[in-house]
Enquirer: 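Please see the structure below; I have some questions.
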Amino acid sequence: MHHWSVYKQLEEASKAAADFLAENILASVKARGVCHVIVPGGNTPARCFDYLIKKSLPWEKIHWYPGDERCYPEGHPERNDVMLREHLLAHIAVSHFHPMRAELGAEQAAKAYRETIQAIDAFDIAFLGMGEDGHTASLFPGNAALQDNQTVVAVSHSPKPPAERVSMSLNTLRQSRLRMVLAAGAGKAGIIERIRAGDNFPVNSIGDIHWFIDEACLATMSEEGND
Ligand code: 6PG
């Protein structure tokens with residue numbers, strides 16, 4: 001079952017998402033002594049991370065993993081880990097962020113990252129974004145990567161540049177203990193309305209989701225609710 005939380009602006013949705021992340025990080029660390037968190041790329045999560053880094057958390061017990069990475073050279077401004085650096089990575093120990101080596105190319109980087117995460121039976125939190133076509137991480141509608149059951153998959157022919165990417169797979173996201181999506185802007189109202197109407201996309205193929213969205217994403221949704 002999806003749980004929808006709707007806020008006036010992205011700012012409030014970001015704060016609420018940060019509160020929810022912190023609450024579940026603490027619960028994971030209390031239950032298992034560690035928390036493995038998948039984090040999104042794109043632009044939307046920046047303010048959420050700004051709120052999160054101000055919280056009192058057991059940072060030494062949290063490990064962070066990109067949900068996907070774009071096959072650009074290291075340091076390329078369009079890489080997710082470069083965008084994450086400003087808002088999150090600058091505030092955590094380097095050893096606690098596990099980058100995808102997408103500069104190696106999709107296949108080789110996916111193989112290497114499967115080894116990186118092989119000891120993790122299930123991520124505690126999968127924090128994701130969503131594109132206007134219903135993609136999440138680098139899992140795009142109709143893409144062959146959706147059929148790949150490995151834990152980390154090589155993506156080609158991505159409709160969102162660059163064409164080559166590396167992504168956590170549908171299975172890995174499905175097996176996460178908890179999934180949350182932060183999305184905002186009128187551009188995403190159409191896809192959210194279709195998701196609410198029951199149409200299937202990669203983002204809502206991963207299991208129950210805690211949605212944090214702003215009113216601009218609203219089409220014909222009630223303020224908050226489940227479905
Ligand atoms: C990527 C992201 C992707 C992103 C969505 C939303 O590499 O592009 O991982 O899944 O989360 O496209 O992006 P915005 O937050 O910029 O709208």
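Worth saying up front: this structure is predicted, and the values here are computed from it rather than measured. Counting convention: from 1, in listed order, for ligands and their atoms alike.
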Enquirer: For ligand 1, output the ligand-protein N/O contacts shorter than 3.5 angstrom; if there are none, return none.
Expert:
unit_1   : atom_1 : unit_2 : atom_2 : d
ligand 1 : 7 (O)  : Asp68  : OD2    : 2.9
ligand 1 : 7 (O)  : Arg70  : NE     : 2.9
ligand 1 : 7 (O)  : Arg70  : NH2    : 3.3
ligand 1 : 7 (O)  : Asn80  : ND2    : 3.1
ligand 1 : 7 (O)  : Arg165 : NH1    : 2.9
ligand 1 : 8 (O)  : Arg70  : NH2    : 2.7
ligand 1 : 8 (O)  : Lys160 : NZ     : 2.7
ligand 1 : 9 (O)  : Asp68  : OD1    : 2.7
ligand 1 : 9 (O)  : Asp68  : OD2    : 2.9
ligand 1 : 10 (O) : Ala137 : N      : 3.3
ligand 1 : 10 (O) : Ala137 : O      : 2.7
ligand 1 : 12 (O) : His135 : NE2    : 2.7
ligand 1 : 12 (O) : Lys160 : NZ     : 2.6
ligand 1 : 15 (O) : Asn43  : N      : 3.3
ligand 1 : 15 (O) : Thr44  : N      : 3.0
ligand 1 : 15 (O) : Thr44  : OG1    : 2.6
ligand 1 : 16 (O) : Asn43  : N      : 2.8
ligand 1 : 16 (O) : Asn43  : ND2    : 3.3
ligand 1 : 17 (O) : Lys188 : NZ     : 2.7

Enquirer: Regarding Arg165 and Ser138, do their side chains bring together a donor and an acceptor under 3.5 Å, going by distance alone?
Expert: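 Arg165 vs Ser138: donor-acceptor pair found between side chains.
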Enquirer: Determine, step by step, whether His96 and Trp59 satisfy the side chain to side chain donor-acceptor pair (under 3.5 Å) criterion, reporting the C-alpha distance in whole Å, the side-chain angles of both residues, the deciding distance to 0.1 Å, and the verdict.
Expert: CA-CA 9 Å; His96 282 231; Trp59 296 97; over 6 Å; no
Enquirer: Sequence neighbours left out, what passes ring pair (Phe, Tyr, Trp, His ring centres under 6.0 Å) with Tyr65? Give chain and number order.
Expert: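 Once residues adjacent in sequence are excluded, the partners of Tyr65 under the ring pair (Phe, Tyr, Trp, His ring centres under 6.0 Å) criterion are His36, His98, Phe123.
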Enquirer: Please name all residues satisfying side-chain hydrogen bond (donor to acceptor under 3.5 Å, both in side chains) with Asn24, sequence neighbours left out, ordered by chain then number.
Expert: none
Enquirer: What side-chain donor-acceptor pairs closer than 3.5 Å can you find for residues 140-148, not counting sequence neighbours?
Expert:
unit_1 : atom_1 : unit_2 : atom_2 : d
Asn143 : OD1    : Ala145 : N      : 2.8
Asn143 : ND2    : Ser156 : O      : 2.9
Asp148 : OD1    : Gln150 : N      : 2.9
Asp148 : OD1    : Gln150 : NE2    : 3.3
Asp148 : OD2    : Gln150 : NE2    : 3.3

Enquirer: Find the distance between CD1 (Ile38) and CD1 (Ile117) and round it off to the nearest 0.5 Å.
Expert: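 These two atoms lie 7.0 Å from each other.
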